[in-house]
Chemist: 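Just passing along the structure, written as structure tokens.
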Amino acid sequence: MPPRRVFSIWLALAAATAILPAETNDGMALKQVDAKYVCMINKKVFPNAQIPVVVEGRTYYGCCDMCKTRLESDAKSRMDVDPVSGKEVDKATAVIGADKDGTTYFFESVVNLKKFKAPAQN
């Protein structure tokens, strides 16, 4: 293949990748995760299932006894705000998304999760 043609192909690929989503947290879409892997107090995803905490028929998850106790005793710890709609959501029924660092966000719907882009990480 002539060098000029190779350069043209390389230039076209470079331009195409410039408009593709970045592989960083800056503007990266979230991955939907199963609630049982999320500590709902620390808002982090873990590789193993967390401690289930049933309150008023709804199941929440915590990573340790301290988180378990807080979920049982503090109603506010069981709620969060959907970052897209601004509405309060119950963590037990929320759609949960995580960025590549494992930080989680709680949404009222899958549509809102898909609209959200994770903020840049320092």
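As the structure is a computational prediction, the values presented were derived from the model and not from experiment.
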Chemist: Grouping I, L, V, M, F, W and Y whenever their side-chain heavy atoms are under 4.5 Å apart, do V95 and V84 come out in a common cluster?
Modeler: yes
Chemist: Distance from K36 atom NZ to T59 atom OG1, nearest 0.5 Å?
Modeler: 11.5 Å
Chemist: Which pair of non-hydrogen atoms, one from Y61 and one from A35, has the smallest distance, and what is that distance?
Modeler: CD1-O, 3.4 Å
Chemist: Please determine whether side-chain contact (heavy atoms from CB on, under 4.5 Å) holds for the pair F107 and V89, giving the CA-CA distance in whole Å, both sets of side-chain angles, and the decisive distance to 0.1 Å.
Modeler: CA-CA 7 Å; F107 300 91; V89 294; over 6 Å; no
Chemist: Under the salt bridge (Lys or Arg N to Asp or Glu O under 4.0 Å) test, which residues partner K68, sequence neighbours left out?
Modeler: E72
Chemist: Suppose we screen for salt bridge (Lys or Arg N to Asp or Glu O under 4.0 Å). Which residues come up paired with K43, at least two apart in sequence or across chains?
Modeler: D80
Chemist: For D90, give me all partners under side-chain contact (heavy atoms from CB on, under 4.5 Å), at least two apart in sequence or on another chain.
Modeler: R58, Y60, M79, A92, T93
Chemist: Would you please test V55 and R78 for side-chain contact (heavy atoms from CB on, under 4.5 Å) and show each step?
Modeler: CA-CA 9 Å; V55 179; R78 299 188 296 268; 3.6 Å; yes
Chemist: Tell me, please, which residues at least two apart from N42 pass side chain to side chain donor-acceptor pair (under 3.5 Å).
Modeler: none
Chemist: Side-chain heavy atoms nearer than 4.5 Å, only ILVMFWY residues, links allowed to pass through others: does that put V45 and F116 together?
Modeler: no
Chemist: Do the side chains of Y105 and L71 join up, straight or via other hydrophobic residues, at under 4.5 Å, putting them in one cluster?
Modeler: no
Chemist: Would you please name every residue forming a side-chain contact (heavy atoms from CB on, under 4.5 Å) with S85, sequence neighbours left out?
Modeler: D82, K87, E108, N112
Chemist: Suppose we screen for side chain to side chain donor-acceptor pair (under 3.5 Å). Which residues come up paired with K31, at least two apart in sequence or across chains?
Modeler: none
Chemist: With a 4.5 Å heavy-atom cut-off, do P47 and Y37 have their side chains touching?
Modeler: no
Chemist: So does L30 get a backbone contact from the side chain of Q32, meaning a donor-acceptor N/O pair under 3.5 Å?
Modeler: no
Chemist: Is M40 linked to L113 within one hydrophobic cluster, defined over Ile, Leu, Val, Met, Phe, Trp and Tyr using a side-chain heavy-atom separation of less than 4.5 Å?
Modeler: no
Chemist: Taking all non-hydrogen atoms of both residues, which atom of G62 and which atom of C67 are closest, and how far apart?
Modeler: CA-CB, 3.9 Å
Chemist: Could you check if a side-chain atom of I41 sits within less than 4.5 angstrom of a side-chain atom of S77, using non-hydrogen atoms only?
Modeler: yes
